[in-house]
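Report on the following structure.
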Amino acid sequence: MAKKETKEVNTKKNFFTELSHKFSKPFQKKYYYYFLWKNKLSNSETDFSAISEEEFINKYLRKKRNGKTTEGKKSYKSLQMWESTDQYQGLMQEYYNFKMNRDFYKLYETYLEKAMSGDEKALDALKTIKKEIESLNKVQKTSNKPSENEGAKFDLT
């Protein structure tokens, strides 16, 4: 059982670690937090699914400059517009791929237990899932090679 949990935690850690690196500059943090909040995700510090829109704006978008506090509404509007960009859609695709991979591994573990107890249908399903996982791993290995345009893909300047 511990191996399953470790695999899921490592996969989750890799996705979020990669996401946080893409938004590592201070002025990019609002994009990182917005993505987590919008998708009701959590990081090691905050469960964004429990935060309302108003709380998000107050905590992550309000700024103090020259003794004045901005409301963060302009930043929030720009983040909403950011959702329609290729960059945001690419992040969503990565997130869905992460979720799909995680779900495939969960299915594999479930059918493995059933197949071990002698369920023939589970054994057939297990073979199919195993082929899918191997296929996903091949695609993932080839897509993890850095491309020339990767830096521009997530440039938020």
Side-chain angles (χ1 to χ4, degrees), residues 1-114 125-126 129-130 132-137 139-141 143-147 150-157:
M1 187 77 168
K3 285 189 177 184
K4 281 193 278 186
E5 291 174 17
T6 303
K7 179 76 172 172
E8 185 174 331
V9 169
N10 287 340
T11 306
K12 188 174 183 178
K13 183 179 177 185
N14 291 341
F15 173 75
F16 288 107
T17 301
E18 187 177 313
L19 182 64
S20 68
H21 286 300
K22 290 177 183 175
F23 298 104
S24 61
K25 296 179 182 169
F27 67 89
Q28 296 172 331
K29 286 294 182 189
K30 68 181 178 183
Y31 293 95
Y32 171 72
Y33 293 130
Y34 182 78
F35 185 83
L36 294 177
W37 173 75
K38 189 68 178 177
N39 292 287
K40 299 181 183 353
L41 302 172
S42 301
N43 63 11
S44 60
E45 302 160 5
T46 307
D47 177 9
F48 287 91
S49 65
I51 297 176
S52 71
E53 180 179 310
E54 192 66 32
E55 290 171 317
F56 176 79
I57 292 170
N58 288 335
K59 186 170 183 177
Y60 296 100
L61 302 180
R62 286 183 113 182
K63 295 180 183 175
K64 286 188 176 183
R65 287 190 184 150
N66 301 329
K68 295 181 181 179
T69 303
T70 62
E71 293 300 316
K73 298 287 184 185
K74 281 186 179 180
S75 291
Y76 185 72
K77 188 71 173 166
S78 70
L79 289 169
Q80 287 179 313
M81 292 170 45
W82 176 61
E83 288 182 52
S84 63
T85 65
D86 290 341
Q87 181 187 41
Y88 185 86
Q89 297 304 316
L91 288 173
M92 288 303 297
Q93 184 177 9
E94 286 181 42
Y95 175 59
Y96 288 136
N97 286 338
F98 155 74
K99 285 176 59 173
M100 199 170 21
N101 287 341
R102 184 187 60 197
D103 293 343
F104 267 126
Y105 283 108
K106 284 181 183 178
L107 281 172
Y108 179 81
E109 294 294 331
T110 301
Y111 281 105
L112 178 62
E113 289 175 18
K114 290 180 180 181
L126 184 66
I129 292 170
K130 184 177 179 185
E132 285 295 322
I133 289 173
E134 288 171 353
S135 174
L136 283 172
N137 286 338
V139 168
Q140 201 171 30
K141 284 179 184 176
S143 69
N144 283 342
K145 294 179 182 176
S147 68
E150 193 162 316
K153 183 178 176 184
F154 292 102
D155 184 19
L156 295 173
T157 56

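Values below: every heavy atom of this structure, side chains too, minus hydrogens, waters and symmetry copies. In this text the structure is predicted, and so the values were computed from the model without any measurement. For reference, positions follow the sequence shown, starting with 1.
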task: Kindly indicate, with the supporting measurements, whether the criterion side-chain contact (heavy atoms from CB on, under 4.5 Å) is fulfilled by Leu91 and Tyr31.
output: CA-CA 11 Å; Leu91 288 173; Tyr31 293 95; over 6 Å; no
Working to the nearest 0.5 Å, report the span between [atom1] of [X] and [atom2] of [Y].
{"X": "Lys106", "Y": "Ile129", "atom1": "NZ", "atom2": "CD1", "answer": "13.5 Å"}
{"X": "Leu36", "Y": "Tyr95", "atom1": "CG", "atom2": "OH", "answer": "9.5 Å"}
{"X": "Ile51", "Y": "Lys40", "atom1": "CD1", "atom2": "NZ", "answer": "11.0 Å"}
{"X": "Glu83", "Y": "Tyr34", "atom1": "CD", "atom2": "OH", "answer": "3.5 Å"}
{"X": "Lys30", "Y": "Ile57", "atom1": "NZ", "atom2": "CD1", "answer": "12.0 Å"}
{"X": "Arg62", "Y": "Lys73", "atom1": "CZ", "atom2": "NZ", "answer": "9.5 Å"}

- request: Applying ring pair (Phe, Tyr, Trp, His ring centres under 6.0 Å), name anything that partners Tyr60, two or more places apart in sequence or on another chain.
  value: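 With sequence neighbours excluded, Tyr60 shows a ring pair (Phe, Tyr, Trp, His ring centres under 6.0 Å) to Tyr33, Phe48, Phe56, given in chain and number order.
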field: Set of residues satisfying ring pair (Phe, Tyr, Trp, His ring centres under 6.0 Å) with respect to Tyr88, sequence neighbours excluded
entry: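 Tyr88 satisfies ring pair (Phe, Tyr, Trp, His ring centres under 6.0 Å) with Phe35, Trp82 once adjacent residues are dropped.
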query: Which heavy atom in Thr46 sits nearest to a heavy atom in Asn43, and how many Å separate them?
result: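 Nearest pair, atom of Thr46 first, then Asn43: N-OD1, 2.7 Å.
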- prompt: Do you know the tightest heavy-atom contact between Leu61 and Leu79?
  reply: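 That closest heavy-atom pairing would be CD2-CD1, 3.8 Å.
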task: Establish, yes or no, whether the cationic atom of Lys114 lies under 6.0 Å from the six-membered ring centre of Tyr111 and within 45° of the ring axis.
output: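 Because its charged atom sits under 6.0 Å from the ring centre and within 45° of the axis, Lys114 does stack over Tyr111.
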message: Taking atom CD as the centre, does Gln93 end up with more than 12 heavy-atom neighbours from other residues, nucleotides or ligands that are less than 6.0 angstrom away?
response: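 Counting neighbours around CD of Gln93, 12 or fewer heavy atoms of other residues, nucleotides or ligands fall under 6.0 Å, so no.
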message: Can you confirm whether more than 12 heavy atoms, excluding those of Asp103, are under 6.0 Å from its CG atom?
response: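 It does: Asp103 CG has more than 12 such atoms within range.
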Contacts of type side-chain hydrogen bond (donor to acceptor under 3.5 Å, both in side chains), residue [X], not counting sequence neighbours:
{"X": "Asp47", "value": "Ser42, Ser49"}
{"X": "Gln80", "value": "none"}
{"X": "Tyr76", "value": "Glu53"}
{"X": "Gln89", "value": "none"}

